[in-house]
Structures are given as C-alpha cells and as structure tokens.
Protein chains: 2
Amino acid sequence: MSARVRIKDIAEKVGVSTALVSYVMNGKEKEKRVGQDIVKKIREAAGELNYQPNRIAQSLRTGSTKTIGLIVADIAIPFFGQLARVIEDEASKNGFTVIIGSSDEDAIKQGSLIDTFSYRQVDGLIIVPSDGTADQIAALVKQGMPLVLMDRYFPELETCHVCLDNYKASYEAVNHLISQGYQQITMIAYRSGMIHMHERIRGYREAMAAANFANYIKVLEVPYSFSRTETENSIEKCINGNKEIDALLFATNSLTTAGLNYINKMGIKVPDEIGIVGYDGNEAFDFFYAPITIVEQPLNEIGTKSVNTLISLMNDPDKIVRFDLSHSLNIRKSSR
Amino acid sequence: MSARVRIKDIAEKVGVSTALVSYVMNGKEKEKRVGQDIVKKIREAAGELNYQPNRIAQSLRTGSTKTIGLIVADIAIPFFGQLARVIEDEASKNGFTVIIGSSDEDAIKQGSLIDTFSYRQVDGLIIVPSDGTADQIAALVKQGMPLVLMDRYFPELETCHVCLDNYKASYEAVNHLISQGYQQITMIAYRSGMIHMHERIRGYREAMAAANFANYIKVLEVPYSFSRTETENSIEKCINGNKEIDALLFATNSLTTAGLNYINKMGIKVPDEIGIVGYDGNEAFDFFYAPITIVEQPLNEIGTKSVNTLISLMNDPDKIVRFDLSHSLNIRKSSR
DNA sequence: TTATTTTGCTTAATCGATTAAGCGGAGTAA
DNA sequence: TTACTCCGCTTAATCGATTAAGCAAAATAA
C-alpha cells in the first residue's frame, strides 16, 4: 500500500508540531487559538496530501471506535436483512459503522459474537437476543455496555428495547379472522422461551377467549430448525387429519412459508377451506395464488429507534427506554 | 464500563514485564524462551482476570485489523443478504470480522463507503462494483489495497474477481427455452455498462442466433430504479401490445419480480401463453402459480472463494486470480 | 580458570492520533 | 520600568499492545 499520510507528514510539510495539525483537523482552531495563516496552511497541506485520519489510532486514544455491533438471527433472512439496512443507514448518518453477526438463534454463537464485538471495542450493541441468553445480556449490562435489544427482550432485565407490541398484533389478527367468519383458528408458533413468541400466543389466546372461542384454542409449537423440510414436516404432522381448523395464524415468516408449501402440496384452498394470516411481509406472499394477509412490522421505525436509542444511551447510560411499536395489518386475499 | 483488563494488569499481578505476557498470549513462549512456571502463572492470571486483548491497540501496532469490508448493492436484497451471510461465516472461520455497506448501485455512495472502510484500516475489500466506478477501483488497486470484485468486474482492470459465467448461463437458459418449443424469446435486462449485464445479454443473443432465431432477438433495457412500481411500468410499456413474444428471460431477480407482477395483473398464462426464466432464486418464485425456472448462482462458492481469494491476496498481493463459476439451471413449471 | 553460549528476563521504542501542561514573546496595565 | 495577561505555539504523556535490543546470571566449552 502506498505510504499512508499521517498527521506527522502534514506537520513536517507545514513546519509545525503535530498538535496544531490535530487541533485544526478536529475543528478546534478557535478554542486552541491557532493562527489564521497556519490554519490555512494546514488545511491546504491536508488537502494536497489527501490526509485521512487513522481511525484505529483515534479509537485507541479516544476510547471510542464509532462502531456499532449488530447481532441478528440471520442476515440472510429478509426481515433481518431489511432491518440491517435501515440500521446501517441510520448509523452512518450519525457517523457510526456497523459490524454484523448472525447468531442462528444459538446461545453459543451469540456469546462468541458478543466477545468478538466487545474486544473490537464497539461503542454499543444492538442485539436480537436468542433464547436462553439472559445471562449474557445481564453480563453486558453489568459491564456497562450500551445495549439495545430488538425484536425481543427479557422482562426480568433492565434494558432498553425496541420491539413490536406482539400481544396487540396477534389480538387484532385474530379479531380480523373472526370478523371474516373464521372460528376454528389455530396458531402455529415456534417453541421458545422468548417473550415475543409468548406475547404473540397470548394475544391469540385472549382474542379467542374474548370471542367465546376458547374451546377452539389450539397452539402448535414447532421446534426451531434451520431446515425448512423439518419445519414443514412438523407442521404437516399437526395439521394433517385435523378437520377442525378453518384458519391458521402463523407466528413468523418462516413458519408461514413452510405452512404454505404444505398447503400447496395438499391442494387445500385458501381462503375458502382455510384462512391465513402470517407475520412479516415477504415478496413470496404476494405471489401466492391468494396473497397472504400479514402482520407488518414498522421496520424503519424499529431500525432508526434502535440506533437512536443506542446513541443516546452512550451519552446517558442510565436512561432506560422501551418501545413496543404498533404493527399494521395488511389485509389481502388469504383471509376473506 | 467496568475497568477493562490490560496486559499491564496481568504483568503486575504476576510480577513480570508486559513483554512476557504478550509473548505468552501470542503463543510465542517457546520461541521467546519464557520459563515454564512463568508461562503457567501468566495463563492463570489471564484466566482469572478474564483478559481479552484490545484489538484496537493490536491493530495499531501490527497494522492489521483483521477486518474485511464488504460493499454490496443492498444488504436488504436476499441475494446479497445470503452472500453476506456466507462471507460472514467464512471470514469468521479465518479470524476476520466483516463490516458491510450498501451502495444502492450508486457511484458516490460506493466512494464514500470505500473511504470509510479504508480509513478504518480494513485489511481488504470485497466489492460488488457499481456502474461507472472503474476509477475508484483502479485507485484502490494503485494503493495496493487487497481487493476482490464480486458478481461483476471491469475487464480493463487487473483485479481478482469471483463471478458467474453469465454468458454461459444466459446461453443455456435460452437453449432450454428453445428446447421447450419457445421461439420468440425476449430478454429483459437493466440498462447498465457493467460486464455481467452485457454478458447475460450476449449469451442470449448468441444462443438465439445459433438457433437461427436472430430475427426474434429483442432486448428490453430497463433503467435501474429502486421503485418497483417504476420498474413495473417500464416493463409494462414494452411488453404491452407486443404479441410477438412467447417467452421472457429476465436478467435479474428484481426484474423477474416486477415482470411477474405485471403478468399476474394482466392474467397472462404461464407457461402456455408465455414461458419464463429468471436469474437468482427467491422464495417468491416458488409460490408463483407456475413455479419459476431460474438460473441459480452458487452462492456458497462465490462467498467462500471471495473470502479466500482476498485472504491469499493479503499475503501475496500480486497473485491475480479470476473465477467465472458455473450456474445451475433449476427447471420448473414456468418454462414447459 | 577464562571465554563463550544459552537462558530468561527487562527496557524502551513504536504504531498514529489526542490533549494537558508549559514556555517564550508581545501587548497591556500600573 | 516592572508585572501581568494573552497569544501562539511546542513538548511530551498517553491509549494498549508488540517486539527488537540488551543485560545479567547460569550453563557449557576450552
């Protein structure tokens, strides 16, 4: 690599000390009383040499890397990809760079990502926490690491979070199905200890109970798996032979996809034989012969709020804020 | 944040100099002849204090950040999200962390990402270059920045690249359509100066010519736009009223999506009235009533080869290697 | 015994920036 | 004239690690 230009090179060229150059480069020429002509000379020299400060050296000295670590379940999943993009843009607006890691919903992987990011001295973390990682998160809080949880959180921990109001989302999704005449509504969810799943299920249950359909309440909890085939099999096993279902509420995008594959395979008619509502949009659902009604999350809001909350946390470490944002129900053919 | 443990803390605890601690932490205790009992004591102390080296300080000293910068068009697009995931995993296997940026196919954005990444001292870059950025890439090469281009490249520049053999892919896609009895095959591509687009078009043209369908050759070049609606309109304008088309070859994922929306809207029958082949897989295409035949790229291979090429380039800067990998044609209902 | 090598450690420079402290000289006040 | 304040700059410590150079003691060779 052609010799990088250092602050020292500029200092030598102009014939001053490195301190002056640093002051000027950081816009402190007034405060530090640098002479006008020197300021000009330094600016010119910096321009000519195309000086770019070395962020690593700056980071070591100032203790701030201007870097945010983002841990999602899997950046290849469109939901997280889109969120990552919003976060990238918002971070960049504020002078931060984002490093991204995928945990695969696995506690061990999440732990090693946290380690990697933390010894790279990130200024803060945005995490979509995996099941069973409350201890990891608690440890971060104890360390004083600025931290925002996204999509899910641990009610027992004092952390900032930006999530969906999942209870309300499920409740209204169920109400919508009921308003369309569906009664025997089954929910298909992941088996998980995480709050977002619990809330989605709770919303379903309470909406069903409120409509006096308590006896139709049925929740199918599928174990999490990367293999779509495996997920499909689990769903198949449970729907199969079950005549007493006239609608399905899927708790996630991937469950919806798996479920639709099964429904396609079996030739079940949507929305006549079965009504469907899923979570999180996806191009795929537009192309299903009966476009799928979805609970849509405010991705932009989630992403920007996460970043801004994190940044304000860096300045004011004790200000805990929590957001439970509202969904929008995008009603289409699969539920009417 | 609770006081970070430094090498000095360990040195003081054990009662030795920081040099010894550094040697032991880097596994150089043999080479540097550190006494056995001291090695043990240092290891113990490091464990007790839970020492994690400060990567920033290491980077400043060693000149290597163990970081790779990845610039894609948009991390929210599944194709790039999946690629990013493969790259993340392969990089991590080799001790590297990835920072990601989205250029939106825009030269200015790409330029500022390169600046950001380079002044963060990344050890190398993997770039999906935007149209009109040959000068940026040339500048990087001149600087000696280890660099791998992905998905596209500039034939006039001496760089490593990992791409698809786009010519062959289009050629075979067209041959497939022809073998299914289609003749009036139109290609829908983006207007772009980039080689990948040219090659896709060239493959189409030559396959058509070879089959004596030269008079049916028609390439529709759509200007790139973020707005799907806009893209749809462009496509609509060109297909509309054009009776002399019995098959469409879409040059990208997003064009396929836009095209299918139009086809859906118009109620055109696939594959009877029109045959379809698209580039790059996508869940969405599975759910189209006639699942779409696609040119599939070897994502894993592209990602891992990009990372490995980049790493070998860091050690051996002059070794230029170029990969033009083979696609696989995933034949489904839309083309038979 | 003396000279040489080996062993096991310390010292201190260094990476590239930031920034508190200090130092002359000019200007102002007494 | 002397004392004080400002101004404009330099010096040097610092962040946390790495690593070449060097030193004293012990071991070995002559």
Side-chain angles (χ1 to χ4, degrees), chain A residues 1-42 45-46 49-67 118-123, chain B residues 1-43 45-46 49-67 95 118-123:
Chain A
M1 193 153 344
S2 68
R4 283 206 134 267
V5 179
R6 295 149 309 159
I7 214 169
K8 203 177 153 201
D9 300 315
I10 300 183
E12 278 169 7
K13 179 159 185 179
V14 178
V16 295
S17 71
T18 61
L20 283 201
V21 180
S22 174
Y23 292 144
V24 172
M25 297 320 292
N26 289 293
K28 297 191 182 168
E29 63 269 17
K30 288 274 174 309
E31 181 188 340
K32 298 294 179 175
R33 308 171 310 211
V34 184
Q36 301 237 345
D37 45 342
I38 292 284
V39 170
K40 214 177 124 207
K41 276 190 198 164
I42 289 176
L49 298 177
N50 188 28
Y51 170 71
Q52 292 288 107
N54 182 321
R55 256 237 151 269
I56 297 299
Q58 286 182 327
S59 296
L60 180 60
R61 181 55 227 244
T62 63
S64 150
T65 54
K66 284 293 203 171
T67 304
S118 113
Y119 95 110
R120 277 173 185 271
Q121 317 292 126
V122 295
D123 290 342
Chain B
M1 190 151 353
S2 69
R4 283 205 134 271
V5 179
R6 293 151 309 157
I7 214 169
K8 203 177 154 201
D9 300 317
I10 300 183
E12 277 168 8
K13 179 159 184 177
V14 178
V16 294
S17 71
T18 61
L20 284 201
V21 180
S22 175
Y23 292 144
V24 172
M25 296 320 290
N26 289 293
K28 296 192 181 165
E29 63 268 19
K30 289 275 174 307
E31 181 189 338
K32 297 293 179 178
R33 308 172 310 211
V34 183
Q36 301 238 346
D37 45 342
I38 293 283
V39 170
K40 213 177 125 208
K41 274 190 199 162
I42 290 176
R43 289 252 165 73
L49 298 177
N50 187 29
Y51 170 71
Q52 292 288 107
N54 182 322
R55 255 235 153 272
I56 298 298
Q58 286 182 327
S59 296
L60 181 59
R61 180 57 226 241
T62 63
S64 150
T65 53
K66 285 292 204 172
T67 303
S118 113
Y119 95 112
R120 277 172 186 270
Q121 316 292 125
V122 294
D123 290 341

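In what follows, chains are A, B, ... by sequence order, proteins preceding strands, each numbered from 1.
- Each of Tyr23(B) and Gln52(B) lies near DNA chain D, and the nucleotide nearest Gln52(B) is the one positioned closer to the 5' end.
- Within the 4.0 angstrom heavy-atom criterion, only backbone atoms of the sugar-phosphate kind lie near Tyr51(B); the bases stay farther away.
- The backbone N or O of Thr65(B) sits less than 3.5 Å from a side-chain atom of Asp123(B), completing a donor-acceptor pair.
- For the pair Arg33(A) CZ and dC23(C) C1', the computed distance is 12 Å after rounding to whole Å.
- Note on the helix from dT1(C)-dA30(D) to dA30(C)-dT1(D): angle between the axes of the first and last five pairs equals 60°, rounded to 10 degrees.
- For DNA chain D, the outermost nucleotides in 5' to 3' order that have an atom under 4.0 Å from a heavy atom of chain A are dC7(D) to dG16(D).
- The side chain to side chain donor-acceptor pair (under 3.5 Å) search around Ser59(A) returns none, not counting sequence neighbours.
- For Arg120(A) (side chain) and Asn54(B) (main-chain N/O), no donor-acceptor pair under 3.5 Å exists by modelled atom type.
- Taking for each of Ile56(B) and Ala19(B) the nucleotide of DNA chain D with the nearest heavy atom, the 5'-most of the two is the partner of Ile56(B).
- Look at Arg43(B) and Glu29(B) and you find a salt bridge, because one of the NZ, NE, NH1 or NH2 atoms lies within 4.0 Å of a carboxylate O, short of that distance.
- Place Arg61(B) and Lys32(B) on DNA chain C by their nearest nucleotides, and Lys32(B) ends up nearer the 5' end.
- Closest non-hydrogen pair, Gln58(B) versus Pro53(B), comes out as NE2-CB, 3.4 Å.
- Listed for the Asp9(B) side chain is no donor-acceptor partner under 3.5 Å among the backbone atoms of Val5(B).
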